[in-house]
Amino acid sequence: MNENIVWHPTQVDKAQRAQQKNQKPCILWFTGLSGSGKSTVANAVESKLFEANVHSYLLDGDNVRHGINKDLTFSDEDRIENIRRIGEISKLFVDSGLIVLTAFISPFRADRQMVRDLVGDGEFIEVFIDTPIEVCEQRDPKGLYKKARSGEIKQFTGIDSPYEAPERPEIVVKTAELTIEGCADLVLEHLRAKGYLA
Ligand SMILES: Nc1ncnc2c1ncn2[C@@H]1O[C@H](COP(=O)(O)OS(=O)(=O)O)[C@@H](OP(=O)(O)O)[C@H]1O
Ligand SMILES: Nc1ncnc2c1ncn2[C@@H]1O[C@H](COP(=O)(O)OP(=O)(O)O)[C@@H](O)[C@H]1O
């Protein structure tokens, strides 16, 4: 921390921005294996939020790794830095009054906890996309499991890089048992029940 850098309060604050939008900002943090359904469910949730006039923003792993995080690899160290940056970006979006959706594997518990600790109580909602690896591998929407099994891709999550499942996620979504619509509804129900939506 540089002691010569001083935090500037802003005239319009987070509470006012949230009140103007009539919503309670938060991060819906989707975590799960590659192919588990993070992007699909997060997109379905965002569509429903949009229809309900909720102002949201979806940060998706593949897209962010094309831009701000294009310098990062899939080593443990770079995955940690990936999540740290996404956490900080998400915090800024929450500050701007939005409901933020993030879809990253985010394989390490400690990193997800670090993001939880960055924001206020109730502002981090962990959504575990709980899909067995056999199902993810069967889906293999990008052909990456095939490449990982043949050794063409190294350090692939679930194959030769670890995934630490959440211990107490706010929401568990079993995509192998529900339709995409059903998965999205589960998340929306949680938001309504906990007062995030007007
Ligand atoms: N080695 C390895 N392991 C896991 N995933 C890999 C790898 N190489 C490329 N990909 C593709 O990158 C997407 C995951 O990026 P993330 O930023 O979400 O990963 S992480 O949170 O930093 O672990 C992931 O996207 P999803 O399939 O949407 O999860 C893959 O498409
Ligand atoms: N109930 C479901 N929820 C989410 N995805 C599903 C479901 N059933 C089948 N799928 C399919 O599984 C794949 C999940 O891919 P994707 O959303 O890209 O996963 P991830 O972002 O976790 O890598 C998609 O092809 C999607 O159509």
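All values derive from a computational prediction rather than experimental measurement. Counting starts at 1 for both ligands and their atoms, following the listed order.
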Going by the 4.0 angstrom heavy-atom rule, the piece of Ser39 near ligand 2 is both
If you compare Ile105, Asp111, Leu144 by their heavy atoms, the one closest to atom 5 (N) of ligand 1 turns out to be Ile105
Among Phe156, Tyr145, Phe74, the residue with a heavy atom nearest to atom 19 (O) of ligand 1 is Phe74
Within less than 4.0 angstrom of ligand 2, does [X] place any heavy atom?
X      : answer
Ala103 : no
Leu33  : yes
Pro141 : yes

- Task: Please say whether Ser106 places an N or O atom under 3.5 Å from an N or O atom belonging to ligand 1.
- Result: yes
Quick note on ligand 2: atoms under 4.0 Å from a heavy atom of Leu178 include exactly 1 (N)
What is the nearest protein non-hydrogen atom to [atom], stated with its residue, atom name and distance?
atom                    : result
atom 2 (C) of ligand 2  : Ile180 CG1, 3.4 Å
atom 19 (O) of ligand 2 : Gly37 N, 3.1 Å
atom 12 (O) of ligand 2 : Arg139 CD, 3.0 Å
atom 23 (O) of ligand 2 : Gly35 N, 2.7 Å

Aromatic ring pairing Tyr163/Phe128, orientation class (parallel under 30°, perpendicular over 60°, tilted between): parallel
Can a non-hydrogen atom of Ser161 be found less than 4.0 Å from any atom of ligand 1? no
query = Under 3.5 Å, N or O to N or O, is Thr40 touching ligand 2 that way?
reply = yes
Could you see which bit of [X] sits under 4.0 Å from ligand 1, with heavy atoms only: side chain, backbone, both or neither?
X      : value
Lys154 : backbone
Phe104 : both
Ile83  : side chain

Within 4.0 Å of some non-hydrogen atom of Thr157, the atoms of ligand 1 are 3 (N), 4 (C)
Only one of Leu191, Asn22, Ile99 passes side-chain contact (heavy atoms from CB on, under 4.5 Å) with Val54, and that residue is Ile99
- If you measure from the Lys or Arg side-chain nitrogens to the Asp or Glu carboxylate oxygens, is any gap between Asp71 and Arg85 under 4.0 Å? yes
